[in-house]
Amino acid sequence: MKRKFFLSSLILLTGLMLGSCNYVFSYKVPAYPLNSGGGGGEEDGEYGFEDTGVEDAGSYDIKIWCDERISDLMQTQIGNFQTHFGDKYNLNIKIDEVSEGSAASSMLEDVDSGADIYVFAQDQLSRLKTAGSLAAITGNIHDAVVKDTEEDGIKAATLNNKLYAYPFTSDNGYFMYYDKRVVPESDVGDIEKIVADCKANNKTINYKIFSDGFYAASYFMATGCTSTWEMNGANKFSSYNDTYNSENGVIACEAIKFLKANNIFGSSDDPSKLGRDKGLGACVSGIWNYQYAYDAIGENLGCAPMPSYTVNGTKYHISSFAGYKLMGVKPQTDSKKVSVCKRIARYLSCYTCQLERFNVANWGPANKKALSEPAVLNQPGLKALREQKPYSKPQVQCPSSWFGSVSTLANAVQKDSSTEQIKAMLQSYEDNLESFLLE
């Protein structure tokens, strides 16, 4: 259910957030001053706010979309912003719970009725820009964002040398959660050993390799398979370069045969689906499920980069997608309103707010200073994600149907599939790619 919050320019903020133990987030809502933690200051210029080009004082109705896990925190952060600028703005802000996975598709369906400020995954940047739903970031705000953000985050938010979004998190990838009582640390680097440990302890591995191409692609990317897609001016996919139908694709399928021969894989990336001590040995998921993983496993929770698999004596480190969540501002006919929205987005993506989201929900910052905080460096899931990064591939635009085709391919491979049968499956996969054009 979506909850909606209406905030006036006068908000009473209470409470003090305490660092959570074991890096397990709670849903307590903090109330920081605007310059908390050294990430901001009392002067607008420290955020690049002087770069609006217009005098934007006034009254505005603004709609923001964000994930339900941070909607309470977002409410407080907006309140902090308004408390600081209450003498300049009279803001009526509505916060709707729309995840970054749904925000882009909703915006593309109807830009006019979409949010003024919203969070989305980086692979949707090009489509959103082409659809006219992203206002470019320029001048001092641009310079402040570039100065404060890690380089890959700026690249993820840039098209044709223009910055179109505010890097919001740097954690949109996956790694391995595991139960230390089931899988010893010495085994976490080898999928065959992890499977053996889980089977011996009658435990399940939640790894959506047979039901979600986002995860199934990890086995193919491990051998060097790639699939890149280009779009035309009408925001449709017009061409592709795909190497899954290759010897490297055959190798990946040979490795998948081992998984099919050991049928202990759950069809979810949510560790809570099995619950604590009720069957979960390991789970491939992201930092967004850290709380659920802790609830499922408890103090024995371990986090590690993706393991390797072996085919014909050669090891292949299982890959993953890695990306950023970005915050976008919708263009407005009212230049003053878009100016205010840019100020708000800049604040919501600054050091202070990124660190607050880490403390409340374990979301990984993209802000360089926040990334250097000891608590962030030592968070087990984010640490595993950093260790996985050399083996990950950037999340890039592709047809939504492509993910389904990859999971279908993985599902088609059986434990007794011959090499010739695998090649036929790969050819069938390739033959189907043409149908995704103009999607």
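Just so you know, residue 1 is the first one in the sequence shown, and it goes up from there.
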Any ion pair linking [Y] and [X] (charged N to carboxylate O, less than 4.0 Å)?
X: Lys325; Y: Glu100; result: yes
X: Asp179; Y: Lys203; result: no
X: Arg357; Y: Asp171; result: no
X: Lys94; Y: Asp61; result: no

Would you say the ring centers of Phe258 and Tyr309 fall short of 6.0 Å from each other?
no
Determine whether the aromatic ring centres of residues Tyr292 and Tyr294 are separated by less than 6.0 angstrom.
no
Output yes when a side-chain donor or acceptor of [X] lies under 3.5 Å from a complementary backbone atom of [Y], and no otherwise.
X: Ser339; Y: Ser335; result: no
X: Ser133; Y: Val111; result: no
X: Asn411; Y: Phe210; result: yes
X: Ser418; Y: Gln421; result: yes

Find the distance between NZ (Lys330) and OG (Ser113) and round it off to the nearest 0.5 Å.
7.0 Å
Would you please say whether a donor-acceptor pair under 3.5 Å links the side chains of [X] and [Y]?
X: Lys199; Y: Asn262; answer: yes
X: Asp197; Y: Tyr178; answer: no
X: Tyr351; Y: Glu356; answer: no
X: Asn245; Y: Gln427; answer: yes
X: Ser239; Y: Trp229; answer: no
X: Gln291; Y: Asn362; answer: no

Please assess Phe168 against Tyr324 for the test ring-ring contact (aromatic ring centres under 6.0 Å, His included), listing each intermediate value before the final yes or no.
CA-CA 7 Å; Phe168 202 67; Tyr324 291 78; over 10 Å; no
Considering only residues two or more places apart or on different chains, which pairs with a residue in residues 211-233 satisfy salt bridge (Lys or Arg N to Asp or Glu O under 4.0 Å)?
Lys208-Asp212
For Tyr174, run the ring pair (Phe, Tyr, Trp, His ring centres under 6.0 Å) check against Tyr290, Phe214, Tyr391, Trp288 and tell me which one passes.
Phe214
